[in-house]
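These figures come from a predicted structure and were not determined experimentally.
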Amino acid sequence: MVAVAALLKRIRTVHLGSRQTYGAPRVHADLREQGERHSRKRIARLMRERPVSSAPAIGATVP
């Protein structure tokens with residue numbers, strides 16, 4: 001669980017650095033640039049399970 005907590009902390013750092021606009025694909029790409037090796041699906045799952053979400057696109061309709 002320590003590894004998951006550390007990864008989630010890095011995900012939140014990237015997400016907040018993007019002014020909460022990055023979704024899982026961009027967070028994953030940014031972590032890859034930093035040398036992290038995790039799947040996009042794992043990043044997406046952690047973001048979905050925790051309160052980490054991206055802002056809707058400008059002009060997008062929210063159901």
Side-chain angles (χ1 to χ4, degrees):
M1 279 302 179
V2 174
V4 172
L7 176 57
L8 187 58
K9 184 176 180 179
R10 289 190 295 274
I11 289 171
R12 286 187 174 143
T13 300
V14 170
H15 187 254
L16 290 173
S18 72
R19 296 181 310 208
Q20 299 179 356
T21 59
Y22 281 9
R26 285 187 181 174
V27 170
H28 175 256
D30 202 35
L31 289 174
R32 295 267 308 191
E33 288 177 7
Q34 296 175 19
E36 298 285 332
R37 306 291 281 179
H38 305 284
S39 72
R40 183 190 52 79
K41 288 184 178 184
R42 182 177 188 194
I43 302 296
R45 179 179 50 82
L46 289 173
M47 290 179 71
R48 190 172 48 248
E49 290 174 352
R50 280 32 174 230
V52 180
S53 62
S54 61
I58 296 173
T61 57
V62 179

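Ile11 has its side chain out of reach of Arg50: every pair of non-hydrogen atoms, C-beta onward, lies at least 4.5 Å apart.
A distance of 10.0 Å separates CG of Leu8 from CZ of Arg10, quoted to the nearest 0.5 Å.
Scanning both residues, Gln20 and Leu16, for their nearest heavy atoms gives NE2-CD2, 3.2 Å.
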Show me the donor-acceptor pairs within less than 3.5 Å that the side chains of residues 41-48 make with the rest of the protein, sequence neighbours left out.
residue	atom	partner	partner atom	Å
Arg42	NH1	His38	ND1	3.4

